[in-house]
Amino acid sequence: MTVRVRFPPSPTGEPHVGNLRTALFNWLFARHHGGTFILRIEDTDRDRVVPGAMEAIMDALLWLGLHWDEGPDPQDPTHDIGPYGPYVQSRRLPIYQRYAQELVEAGHAYYCYCPPERLEQVRKEMVRQKLPPRYDRHCRYLTDDQRRELEEKGLPRVVRFKTPLAGETSFYDLIRGTITVKNETLDDFILLKSDGYPVYHLASVVDDHLMSITHVLRGEEWIPSTPRHILLYQAFRWQPPHFAHLPMILGPDKAKLSKRHGDMSVRELKGKGYLPQALFNFLGLLGWSLDDHTEIISQETFIRHFDLDRISPSPAIFNIEKLNWMNGVYIRSLSQDELASLLEPFFSRRLGSVNVDLLKQAVPLIQERIKTLEEAVAMAAFVFLPGTMEYSVQELLGKAFAQRPQEARTALEAACSRLEGLEVWDAQTLEESMRTLAQRLGLRTGDFFMLLRVAITGRTVSPPLFQSMQLVGKERTLLRLRDAVRRLC
RNA sequence: GCCCCCGUCGUCUAGAGGCCCAGGACGCCACCCUUUCAAGGUGGAAAUCGCGGGUUCGAAUCCCGCCGGGGGCACCA
C-alpha cells in the first residue's frame, strides 16, 4: 500500500512555523516512502475563514518547497489537481451531509434541537458541579412523538454522534504507543452544524477515508479527539488510518504557538530574510534528528532518512537563536550572484532601487556578517546612500579622541589631502596609504581607522574599511571626510 | 474540575541495561587571528538524566508512586 498523507490547514490566518513543521513532516514522510502528499483546505467554519489565508498557506508551502501532489491547483485555487477532489471542504458539503444522514439511519447519530442557550446553561451547571463541561444528551433520549413535535416546529437541528456510554476506545500512536480513553469521558459531539456544515471530526474522518489517507500525522493537540475519530471509523465500518501525533512547537513562553506569537508567522520570517532552505533544515530538526551530531542537512538527505522512528514525543521550544545561526550558514553557502539577487528586494524596499552591480560588489563585504537578509541593509546602506552620513560627534571621536578632538580633525584633514592625490583607488592602495599616514601622524592604526570608518560609513561597526572605501568611491569618500572635519570645527 | 500527553545542559537534541561520573549543536565565556564587526580556530563553564521508591551484579535507559509543565474538554480547527 502506498503512503498517502495530507496537510489540512484551515484558512483562518497567517500560517506559522508550527503549521509549517506539520506540513514538512507530512511531506518528508510522503517523499521518503515514495507516497503522495495532499493539501486539503478545511474551511468548514464560515465565520473564521479569512480571505487570502488559503493563498498565504499555499505560498508558504511553495516557498519552503513543499509541493503537493493533490489539492487545489496553485495556479488557480478554484480548480483541483488529483482524482479525489474537491480538496476544499466547503465544496464537499453534500458528501458530509450524506454520511451524517447515514449515521443517523444506522442509529449511530441523532438530531439535537437544543438551542445554544440551553447548551450554555448545561455546561455552566456541569462546571458548577465540578464535572467536565459536556452535553447532557437530552435529545438522545427523545421519544418519537417528542421528536416529531420538535421537527414540526421547524427548529434548527444539529446531528450528534451517539457515543457509547461504556467501554473504552484506544488507538496505537506510531510515536507514543497505545493511548486509551474511557468512553464515559467523551460526550455526544456534534457532527453536522445547524447550518449544514460538518464539524472537523466528521469532515476529516470522511475525507481521510474517501481520499484513502494511510497515515495521519498531526499535532499532539489532536490526541484527545482521536478516540472520537476511531469511534466514527467504527460506526462507518471503515478501516482507520495510522496515527502519529507530532510534538508541539512552543513559543519562548513554553505555550503552544498561536497568533500571540506573531513573529513566528511564515510571512514575518520571510520578510526578515530567512532563507527557505534554512527554515526547512531548522524545522526538520525540531522533533526529529538524523543522528547524534549532524545539524546541516540537505533536502535530499532529509528525504532519504526521514521516518517516524526518530521523532521525539516531547514538545520543542522554537529557538530563534539557532535559526539565526543556521540561516547564517546557509547565507554563507550562497554564491555571490545568488545572494545579490536575494538581497536586491530588501535593499530597494528600503533605499529605493539600487545599482545591482554595486550590490554584487558589496556582497563579499557582508556575506559572512549577516544572519538574515534584512540585516544587510543597515550594514551596507552607506555603499548606496549619496552624500554624507548621520552620526554624532561622540561616535566619531570615540574613546580614543574624546579628549583631543583637534587631533582627530588634523588627522582627517591629512587623510583628505593624502587621498585627494591618489591616482589608483583600490583597497590595497588605500590601506597602504592610510597605514603610512597613521604612522606619520603617530596614531595607532586602530584609532585612526575608526575615525575614517565612522566618517565614511556612519557607524562604528562596518565591513572592512578599505574595501568599503573602494566601493564608496573617491568622490563620496572625500565628501564624507570633509563633512567630518567640518563637524569638528 | 475531569481526561490525555510530555519530563536529559538556558534551548534543540544523542542515548532503546554496562561503550555515559552522559555525546553533538545553538547561545554564553576566554584566548588566537584582526583596522571595527563578523567568519574561522582553540579551549571552557553548563544536565546529581524532574523527585522518591523498586527490579538488576549494574539504570538516563525497565516498573510503580509523586511532582512539574503542556494540551484537550465549542454548532473552532
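In what follows, chains are A, B, ... by sequence order, proteins preceding strands, each numbered from 1.
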For nucleotides 74-77 of chain B, tabulate all protein N/O to nucleotide N/O atom pairs closer than 3.5 Å, reporting atom names and distance.
residue	atom	partner	partner atom	Å
B:rA74	OP2	A:P133	O	3.0
B:rC75	OP1	A:R123	NH2	3.2
B:rC75	O2	A:S194	N	2.7
B:rC75	O2	A:S194	OG	2.7
B:rC75	N3	A:S194	OG	2.9
B:rC76	OP2	A:K193	NZ	2.9
B:rC76	O2'	A:D45	OD2	3.0
B:rC76	O2'	A:R48	NE	3.0
B:rC76	O2'	A:R48	NH2	2.9
B:rA77	OP1	A:T44	OG1	2.8
B:rA77	OP1	A:K193	NZ	3.0
B:rA77	OP2	A:Y200	N	3.1
B:rA77	O4'	A:R48	NH2	3.4
B:rA77	O3'	A:E42	OE1	3.1
B:rA77	O2'	A:S10	OG	3.3

What residues, two or more places apart in sequence or in another chain, satisfy salt bridge (Lys or Arg N to Asp or Glu O under 4.0 Å) together with A:K162?
none
With sequence neighbours left out, the residues meeting side chain to side chain contact (heavy atoms under 4.5 Å, CB included) with A:E42 are A:P8, A:S10, A:R40, A:Q89, A:Y200, A:S204
State, to 0.1 Å, how close A:L283 and A:F25 come at their nearest heavy-atom pair, and which atoms those are.
O-CE1, 3.7 Å
Report, one pair per line, the protein and nucleotides 45-47 of chain B atoms (nitrogen or oxygen only) whose separation is under 3.5 Å.
none

Could you write nucleotides 11-16 of chain B as a row of B, S and -, 5' to 3', where a protein heavy atom under 4.0 Å of any base atom gives B, of only sugar-phosphate atoms gives S, and otherwise -?
BBSSS-
If you draw the axis of the six-membered ring of A:Y135, does the NZ or CZ of A:R160 fall within 45° of it and under 6.0 Å from the ring centre?
yes
Who passes side chain to side chain contact (heavy atoms under 4.5 Å, CB included) against A:P464, sequence neighbours left out?
A:R369, A:Q467
Of all residues at least two apart in sequence or in a different chain, which pass the salt bridge (Lys or Arg N to Asp or Glu O under 4.0 Å) check with A:R476?
none
Salt bridge (Lys or Arg N to Asp or Glu O under 4.0 Å) with A:D195: which residues, sequence neighbours excluded?
A:R46
Applying ring pair (Phe, Tyr, Trp, His ring centres under 6.0 Å) to A:Y99 and not counting sequence neighbours gives A:F236, A:W238
Quiz: residues 164-171 of chain A side-chain donor-acceptor pairs under 3.5 angstrom, not counting sequence neighbours:
residue	atom	partner	partner atom	Å
A:T169	OG1	A:N183	ND2	2.6

Interatomic distance where CZ belongs to A:R176 and P belongs to B:rC4 [whole Å]:
15 Å
State which residues pass salt bridge (Lys or Arg N to Asp or Glu O under 4.0 Å) with A:E375; sequence neighbours excluded, sorted by chain then number.
none
Would you say the side-chain atoms of A:E151 and A:Y113 include a donor-acceptor pair closer than 3.5 Å?
yes
Between A:N281 and A:Y330, do the side chains contain an N or O donor and an N or O acceptor separated by less than 3.5 Å?
yes
Heavy atoms under 4.0 Å is the rule here; annotate nucleotides 35-44 of chain B 5' to 3' with B where the base is hit, S where only the sugar-phosphate is, and - elsewhere.
BBBBSS----
Do the two ring centres, one from A:Y233 and one from A:H209, sit under 6.0 Å apart?
no
Quick one: look up who B:rC67 pairs with, Watson-Crick or G-U, both distances under 3.5 Å, and put none if it's unpaired.
B:rG7
